[in-house]
Amino acid sequence: MSKVVSQGPQLDSNGLRQALRIAGGCTIGFTISKLMNWPNGIFFTVYPMLLLGMVPTFSRAVITQFIASAAFSAFVVLIMQGLFSHLPVVMTLLVFAVFCILFYQMSSGAAFLFGALGVVSLSIQLHFSSYVDQGSSIYPLILSNGLAIFLTAIIAAIMHGIFPDVTARPGRAMPTKAKESIRHEVLLCASVATLSFVVFQVLDLNDSISAQAASVLILFSLCWKAAGMAAWQRAIGTLIGCNAALLSQLLLYSHSDFLLFPIIALWILSFIFARFHILGGGIPGIGFGVLTTFGILFGNYLGPGQDLVYSALYRFSSVSVAIILSLCAVYVMHHILNRFSVTRHHTYE
């Protein structure tokens, strides 16, 4: 009697190479930022994860959208903070208008990567820049973000050169949507993203970039029915990512000042969860949530004389609260917009 041994899902050749690209890319970005002692290490660690994890191919169009999103976000932040930071109502309206532009690109599919990366980049920069006081300047933030974008494009090219796909990947066709559904998704996501920005400003949560980013990332699903699953996956990913970062800190103990050890820990964790992300279809899910979680923790909080214990514990609690409140806002906006035929989503029942 033959015994059948069931095996779990396995990576194909393209998936394995993409996992190697993600792990290598974020590790290189992290290493360079720490060696050069550049500020805002979150950009150099997380951007390669976003580019190499969300887009499995490398082309001129991909890099153009990636760089354009950075230039657009930097320009918007400079204009807003330079001219309207003392006018909170005007600032809020402008933030809403810019988010509408970015979420329209995502919803219509015309330039999804531009919109998605623009939303993340703009949210992070607005969060950091709004806490710049009179004794500091916004320009180091803008410069470090621009440098991270430029470096990430180079890293992505190198990773695709070292670990190219074995076979050609089929193109992803964006589904066609009615104009009413596009209006619904744009208004819903822009409203919740703007509300998130306002709440984090009013409550003065200057050390909660992880929670603020999580409240925006769950909007990538663009609608209420998918947002619930996205939020649940984000919460699980955050929990796993925080525990993975805590485990790496326990293993590193007091040796995190020796850069080689955090580099090895980051590469191993990135490769393991990049595999999980790819086996899940390569879409923002649990695996992607884990990746970005410890990417933020490593990039922003791990350095000489620092550890991840407090940051990881605080991150999970703050992210959980942010996700729950964001879901409540999505639910309310979803039902308000469905009351009008011009903004009724196609999932309306």
Side-chain angles (χ1 to χ4, degrees), residues 8-11 15-35 40-54 56 120 148 151-152 155-156 158-159 162-163 209-210 213-214 217 233-304 306-316 319:
Q10 300 293 321
L11 285 183
L16 175 61
R17 288 167 182 260
Q18 185 182 359
L20 290 170
R21 290 196 294 265
I22 295 171
C26 68
T27 304
I28 291 174
F30 170 81
T31 303
I32 293 175
S33 68
K34 296 303 179 182
L35 286 174
N40 303 308
I42 180 177
F43 295 140
F44 299 92
T45 309
V46 174
Y47 281 177
M49 290 178 173
L50 292 174
L51 180 59
L52 296 170
M54 292 179 62
V120 175
L151 183 62
T152 297
I155 290 173
I158 294 173
M159 289 296 100
I162 297 176
F163 305 111
I209 181 61
S210 302
L217 286 171
Q233 292 177 341
R234 186 73 196 174
I236 296 176
T238 301
L239 176 61
I240 297 174
C242 289
N243 284 317
L246 285 172
L247 177 61
S248 66
Q249 180 65 68
L250 291 176
L251 294 175
L252 291 172
Y253 192 52
S254 61
H255 301 292
S256 58
D257 292 352
F258 186 50
L259 186 58
L260 179 62
F261 293 152
I263 289 174
I264 295 173
L266 177 61
W267 190 92
I268 293 174
L269 289 174
S270 301
F271 180 75
I272 292 173
F273 291 108
R275 176 184 181 276
F276 188 54
H277 163 64
I278 295 166
L279 289 176
I283 59 176
I286 295 176
F288 197 67
V290 178
L291 278 172
T292 53
T293 294
F294 64 72
I296 291 173
L297 288 171
F298 269 76
N300 223 35
Y301 302 112
L302 185 62
Q306 294 178 295
D307 64 69
L308 300 173
V309 177
Y310 171 77
S311 300
L313 295 175
Y314 173 72
R315 172 174 166 75
F316 178 69
V319 165

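Numbering starts at 1 and runs along the sequence shown.
- Taking each heavy atom of Leu266 and Thr45 in turn, the nearest pair found is CD2-CG2, 4.3 Å.
- In this structure, the side chains of Ile263 and Phe30 come closer than 4.5 Å at one or more pairs of heavy atoms.
- Two residues are said to be in side-chain contact when any heavy atoms from C-beta on lie closer than 4.5 Å; Met159 and Ile28 meet this criterion.
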Is there a side-chain contact (heavy atoms from CB on, under 4.5 Å) between Thr293 and Phe288? Walk through the geometry before answering. CA-CA 8 Å; Thr293 294; Phe288 197 67; over 6 Å; no
Practice item. Begin with the C-alpha distance, continue with both residues' side-chain angles, and end with the deciding distance and a verdict on side-chain contact (heavy atoms from CB on, under 4.5 Å) for Ile240 and Phe273. Key: CA-CA 10 Å; Ile240 297 174; Phe273 291 108; 3.8 Å; yes
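- Side-chain contact check for Leu51 versus Tyr47: every heavy-atom pair is 4.5 Å or farther apart.
- The number of heavy-atom neighbours closer than 6.0 Å to CZ of Phe276, taken from other residues, nucleotides and ligands shown, is 12 or below.
- Between Phe44 and Thr152 the shortest side-chain heavy-atom distance does not fall below 4.5 Å.
- The two residues Gly15 and Ile278 make their nearest non-hydrogen contact at O-CD1, 3.3 Å.
- A pairwise comparison of heavy atoms in Ser33 and Gly41 identifies OG-CA, 4.3 Å as the closest pair.
- At least one side-chain heavy atom of Leu291 sits under 4.5 Å from a side-chain heavy atom of His277.
- What you find for Trp267 and Gly24 is that their closest heavy atoms are NE1-N, 3.9 Å.
- Arg21 and Phe163 get closest at one heavy-atom pair: NH1-O, 2.6 Å.
- Closest heavy-atom contact between Ser270 and Cys26: OG-SG, 3.2 Å.
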